[in-house]
Amino acid sequence: MAKLAGLAPPGLDRVFLCNSGSEAVEAALKLARLTTGRPRFVSAHQGFHGRTLGALSATHNPLYRDGFGPLVDGFSFVPYNDFGRMEPAVDSQTAGVILEVVQGEGGVHVGRGDYLRGVEELCRERGALLILDEVQTGFCRTGRMFALERHGLRPDLVCVAKSIAGGLPMGAVFCSSRMQVPQGKHGTTFGGNPLSCAAGIAALDFMVSADLAGEAERKGRRLLARLETIDSGRIRKIRGVGLMVGIELRERCRPYLDRLAAEGVLALPAGPNVIRLLPPLTIGEEDLDRVADALERVLAA
Ligand SMILES: Cc1ncc(COP(=O)(O)O)c(C=O)c1O
């Protein structure tokens, strides 16, 4: 807990420990309703926040939602990176706006600094809370400990999980002391269990001592520069920050993912057309070059 608090985003001096990203999002949504006394949330098209009912209700894509209704009431969706559409959506009933700093599952869409700062300002003006979901971007992935640092953001709540404990189940919500939670109002049996905490302490120590944020920044630049040299009509756009990279194709990506796997490169899709590269932050430069070479080959075939 102390170790995490030492790394917390500025102004967020409290931490709630749980077991996954979805649980962190659930906790943030509940805290936002409890703190503001308001019912509604705004989130973004292509956003992904998890598969439990609250987190799923904040997730836009019908692929994940359909068949599980009725979902939690009170969620509306606006296009990402479009302040003009966000502005009228936030009103006196809005408890919070929940956004990723870089949308991962939805296609690796990088949030613009002016947009995210504008949303932060809007939330402050209208009494809503800004919840940043850094489950995928947190802990050095984008070249900073948290992606919000790239834009100097000051959210009210930040959800993290995934690499926090180096592969053991753990999630957390950072929040300010403004979030007052009466004893017993929210909790979870295994949140902060000794095994995950020991792994978390070791993982956080390693991230800092090995400067994984710096590594992700440097290697991400190298990977993006190399990918930009690939001359293929199949590529529509390459997006990314740090070691979170998406290659949007003009066609379905699944066959290319299979061919990459046959070459020893495991990549995931982010939507039907985007090949997503999330290499380990410790990857060697030679391996990074192998990934780019393999991609060039499978796209040329
Ligand atoms: C941005 C984001 N939020 C939340 C989640 C859900 O995390 P978990 O799978 O640990 O519940 C994910 C998982 O991919 C995610 O990428």
Side-chain angles (χ1 to χ4, degrees), residues 4 9 16-32 41-61 63-65 68 71-72 75 77 80-81 96-111 116 119 130-142 144-148 150 153 155 157-175 188 190-193 196 199-200 203 216 239-246 266-271 274-281:
L4 256 187
F16 169 73
L17 294 179
C18 53
N19 307 286
S20 69
S22 299
E23 273 187 50
V25 170
E26 294 294 331
L29 298 173
K30 287 176 73 180
L31 285 179
F41 292 96
V42 182
S43 56
H45 294 174
Q46 297 138 11
F48 182 85
H49 300 290
R51 297 170 190 270
T52 52
L53 284 178
L56 190 59
S57 303
T59 297
H60 185 246
N61 190 337
L63 170 70
Y64 307 117
R65 295 167 65 92
F68 298 115
L71 298 183
V72 179
F75 287 78
F77 300 93
Y80 190 62
N81 268 340
V97 173
I98 177 164
L99 293 174
E100 292 155 273
V101 182
V102 181
Q103 292 186 319
E105 302 295 312
V108 192
H109 298 281
V110 182
L116 294 164
V119 177
L130 176 60
I131 305 168
L132 291 182
D133 179 343
E134 290 237 26
V135 167
Q136 198 161 135
T137 51
F139 299 110
C140 307
R141 172 61 53 194
T142 69
R144 300 286 187 280
M145 182 56 73
F146 301 105
L148 61 87
R150 300 195 82 91
L153 298 169
L157 295 136
V158 176
C159 304
V160 292
K162 289 207 191 282
S163 47
I164 184 173
L168 265 80
M170 188 176 221
V173 183
F174 294 107
C175 62
T188 172
F190 290 119
N193 71 77
S196 294
R239 299 184 284 267
V241 56
L243 281 175
M244 185 168 182
V245 171
L266 298 179
L268 284 171
V274 179
I275 296 175
R276 181 173 34 160
L277 301 177
L278 294 172
L281 307 184

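If you read the sequence from its start, that first residue is 1, and numbering goes on from there. The basis for the numbers below is simple: all heavy atoms, side chains too, and nothing from hydrogens, waters or symmetry mates. Atoms within a ligand are numbered from 1 in the order they appear, just like the ligands themselves.
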Determine whether a donor-acceptor pair (N or O, by modelled atom type, separation under 3.5 Å) exists between the side chain of Arg144 and the backbone of Arg150. no
Regarding ligand 1, does Glu23 bring an N or O atom to under 3.5 Å of one of the ligand's N or O atoms? no
Closest protein heavy atom (residue, atom, distance) for atom 13 (C) of ligand 1: Lys162 NZ, 3.1 Å
In this structure, atom 11 (O) of ligand 1 is nearest to the protein heavy atom Ser22 OG, 2.6 Å
Do Arg65 side-chain atoms and Ser57 backbone N/O form a donor-acceptor pair below 3.5 Å? yes
Among all the protein's heavy atoms, is there at least one whose distance to atom 3 (N) of ligand 1 comes out below 4.0 Å? yes
Minimum-distance protein heavy atom relative to atom 16 (O) of ligand 1: Gln136 NE2, 2.8 Å
Short list, please: which atoms of ligand 1 are under 4.0 Å from a heavy atom of Gly50? 4 (C), 6 (C)
Which of the numbered atoms in ligand 1 are below 4.0 angstrom from a heavy atom of Glu105? 14 (O)
Check whether any N or O atom of Gly21, backbone or side chain, sits under 3.5 Å from an N or O atom of ligand 1, and answer yes or no. yes
Parallel, tilted or perpendicular: ring planes of Phe48 versus Tyr64, cut at 30 and 60 degrees: perpendicular
Output yes when a side-chain donor or acceptor of Asn81 lies under 3.5 Å from a complementary backbone atom of Val110, and no otherwise. yes
Working for side chain to side chain contact (heavy atoms under 4.5 Å, CB included), residues Leu157 and Leu31: CA-CA 9 Å; Leu157 295 136; Leu31 285 179; 3.9 Å; yes
Ligand 1 atoms nearer than 4.0 angstrom to some heavy atom of Glu100 are 1 (C)
Could you tell me whether Phe139 and Phe146 have their ring centroids closer than 6.0 angstrom? yes
Those atoms of ligand 1 less than 4.0 Å from some heavy atom in Ser20: 10 (O), 11 (O)
Arg51, portion touching ligand 1 at heavy-atom distance under 4.0 Å: neither
Can you spot which of Val97, Val101, Val160, Ile98 makes a side chain to side chain contact (heavy atoms under 4.5 Å, CB included) with Leu132? Val101
So Glu100 and Gln46, side chain to side chain donor-acceptor pair (under 3.5 Å) or not? Walk me through it. CA-CA 10 Å; Glu100 292 155 273; Gln46 297 138 11; over 6 Å; no
Output yes when a side-chain donor or acceptor of Gln103 lies under 3.5 Å from a complementary backbone atom of His109, and no otherwise. no
To the nearest 0.1 Å, how far is atom 5 (C) of ligand 1 from its closest protein heavy atom, and which atom is that? Val135 CG1, 3.7 Å
Close-contact set for ligand 1 against Asp133 heavy atoms, below 4.0 Å: 1 (C), 2 (C), 3 (N), 4 (C)
